[in-house]
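A quick write-up on the structure given underneath.
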Amino acid sequence: MLLKDGLIYTAEDAPFRGDLLIRDGKIAALGQNLAAGNEEMLDLKGKSVVPGFVDISTNLGLMDAGHRLSEGMGVPPSDKYQATAKMINGINWRDEYFEKAWKNGVTTVVVNSPYNRPLGGQSCALKTALAGTNPEDRVISAYADMHGTMGNRAKNDYDKVRFSPLSRMGLARGLRDALTLQDSEHSQPRQISQAERSVIEALQKKQVPLKLTAAQEQDILSALDLAEELDLSLILDGVVEYPSLVERLKKKGTPLVLTSLLEDGSFEYLLNRRDNHAALLEKEGIPFCLSTHHPDISVELFHLSACLFVREGVSERAALEAMTINPARALGLDGRIGSLKEGKDGDILIFDGNPLHSLSALEYVFVNGERMG
């Protein structure tokens, strides 16, 4: 397919008016006056061309559509620190929200453990759709990051049954022990499988990042201290109380994942969220990503969430980067997804207007070069 005469937002460079050639599922060329060979041509007449969106933190496919994990749901004590749990093994590929995701521009999602697991296991990165292929062919990475949660969302269930971790200190200790293959809760050393050792070694070698959901200031600090102590690559997920930590965050360059402004701010961990805080991150040059944390907010509202950040002072360029190249870089997947560059996957969206205006219609979606719908 030759996409002719579009306004192309690469997510890495300034927009330009030109053409984009898709061949064998990849972006083959970008520029002006490209000629088609045997490819079909689509005249865009100046419509906007952007990379497929990437939602870096979801439970898509793990929970039934329309259901949110209750903060009061029990977590078996044996399931606290599950480094070898693979989210890819629990995916419901027929979840209707995969289709809703790509129809609203989200072509890649990261599926991680629920947000009440201290260390929930290995997240997977998936394409939300591929035409005429097996579900397994949608997998970009079966181990995209190791996900855990700090703070009340992770420890509240244990408070009710009076089972460790009962405090933030206990939670941090348990995470440290799990990530260093130690066991401080039992008098006898536990057996460590080769699978668990390999998973942790990938973290230690920085082959994959540790993604910790940490909303409140003390939890963000604990996550930063833990990652620094163990020398791990860190993604801070669902951060809220970060303005007072700007200088440290700027120095570390740790990618941040923000919650949607559509999420109900009455939840305990969101009480200190302010709509204009993301603009502060942009001003300070701190990379950030956007996420719906589906099903906290439905994945189909990802684009609208980004438009709300623009309304609250984030530039259109920064918002687009937060939806595309920033999450791809944070995961080390920017060689395939996240921007429009030669050799990358043909995950492409075409809007009839400015892609950061909420009323712009998404007219075409391409995933791996296949036109969807």
Side-chain angles (χ1 to χ4, degrees), residues 56-59 61-62 75-91 110-126 136 139-151 153-155 157-158 163-165 167-214 219 222-237 252 254-255 257 327 329-336:
I56 193 173
S57 182
T58 78
N59 292 157
L62 288 183
V75 182
S78 61
D79 288 344
K80 288 183 299 181
Y81 305 106
Q82 292 288 306
T84 57
K86 299 179 179 181
M87 299 308 108
I88 192 69
N89 295 146
I91 299 297
V110 175
V111 181
N112 45 240
S113 57
Y115 301 106
N116 65 346
R117 300 294 196 270
L119 190 67
Q122 303 161 50
S123 310
C124 56
L126 312 173
E136 292 79 6
V139 179
I140 301 175
S141 173
Y143 184 12
D145 66 54
M146 175 65 68
H147 177 250
T149 302
M150 306 195 76
R153 294 186 80 179
K155 75 179 185 66
D157 285 347
Y158 300 106
F163 194 96
S164 177
S167 66
R168 283 179 162 86
M169 291 180 292
L171 183 59
R173 183 203 65 184
L175 277 168
R176 182 182 296 106
D177 289 345
L179 295 172
T180 55
L181 299 175
Q182 304 297 315
D183 186 0
S184 60
E185 293 189 4
H186 302 90
S187 58
Q188 298 295 326
R190 63 183 175 87
Q191 295 295 320
I192 299 171
S193 68
Q194 183 57 46
E196 185 176 6
R197 194 177 300 279
S198 296
V199 165
I200 298 302
E201 285 179 353
L203 281 172
Q204 294 171 343
K205 294 177 181 178
K206 299 185 179 181
Q207 295 170 346
V208 294
L210 174 66
K211 184 172 70 186
L212 289 178
T213 299
D219 303 319
S222 291
L224 287 168
D225 289 344
L226 182 65
E228 187 172 316
E229 175 188 343
L230 302 182
D231 192 23
L232 303 176
S233 295
L234 177 67
I235 299 172
L236 282 168
D237 180 36
K252 296 295 292 184
T254 302
V257 183
R329 284 175 177 156
L331 296 164
L333 299 176
D334 51 312
R336 286 190 58 181

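FYI, the numbering just counts along the sequence from 1.
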How long is the straight-line distance from CZ of R173 back to CE of M169, given to the nearest 0.5 Å?
10.0 Å

Expected output: side-chain N112 to main-chain M146 donor-acceptor under 3.5 Å:
no

Using side-chain heavy atoms (C-beta onward) and a distance below 4.5 Å, is L179 in contact with L119?
yes

Are I88 and L126 close enough, and set up right, to give a side chain to side chain contact (heavy atoms under 4.5 Å, CB included), and what steps lead you there?
CA-CA 9 Å; I88 192 69; L126 312 173; 3.7 Å; yes

Atom OG of S123 and atom OH of Y143: how far apart are they, to the nearest 0.5 Å?
9.0 Å

Between CG on residue L234 and NZ on residue K206, distance to nearest 0.5 Å:
11.0 Å

L236 vs L224 side-chain heavy atoms within contact, under 4.5 Å
yes

Distance from M87 atom CE to I91 atom CD1, nearest 0.5 Å?
8.5 Å

Below 4.5 Å, heavy atoms only, C-beta onward: do T149 and R117 meet side chain to side chain?
no

Nearest heavy atoms of C124 and A142, plus distance in Å:
CB-O, 3.9 Å

Main-chain N/O of A202 paired to Q204 side chain as donor or acceptor, under 3.5 Å:
no

Shortest non-hydrogen contact from L175 to Y81?
N-CE2, 3.7 Å

Under 4.5 Å between any side-chain heavy atoms of L62 and V111, yes or no?
yes

Does a side-chain heavy-atom distance below 4.5 Å link T58 with V110?
no

Using side chain to side chain contact (heavy atoms under 4.5 Å, CB included), reason through L210 and D145 one step at a time and then give a plain yes or no.
CA-CA 6 Å; L210 174 66; D145 66 54; over 6 Å; no

Residues in salt bridge (Lys or Arg N to Asp or Glu O under 4.0 Å) contact with K252, at least two apart in sequence or another chain:
E228

Taking every heavy atom of P209 against every heavy atom of A144, the minimum-distance pair comes out as CD-O, 3.3 Å

Can you list everything that forms a salt bridge (Lys or Arg N to Asp or Glu O under 4.0 Å) with R176? Sequence neighbours excluded, please.
E229

Drop me the distance from L331's CG to I235's CD1, to the nearest 0.5 angstrom.
4.5 Å

Looking at Q122, H147, Q82, K211, which hits side-chain hydrogen bond (donor to acceptor under 3.5 Å, both in side chains) with S113?
H147

Residues V199 and A83: closest non-hydrogen pair is CG1-O, 3.5 Å

Ignoring hydrogens, what is the shortest heavy-atom contact between G120 and A85? Give both atom names and the distance.
O-CB, 3.5 Å

Minimum side-chain heavy-atom gap D219-R168 below 4.5 Å
yes

Starting at CG of L212, measure out to CG of L226 and round the result to the nearest 0.5 Å.
6.5 Å

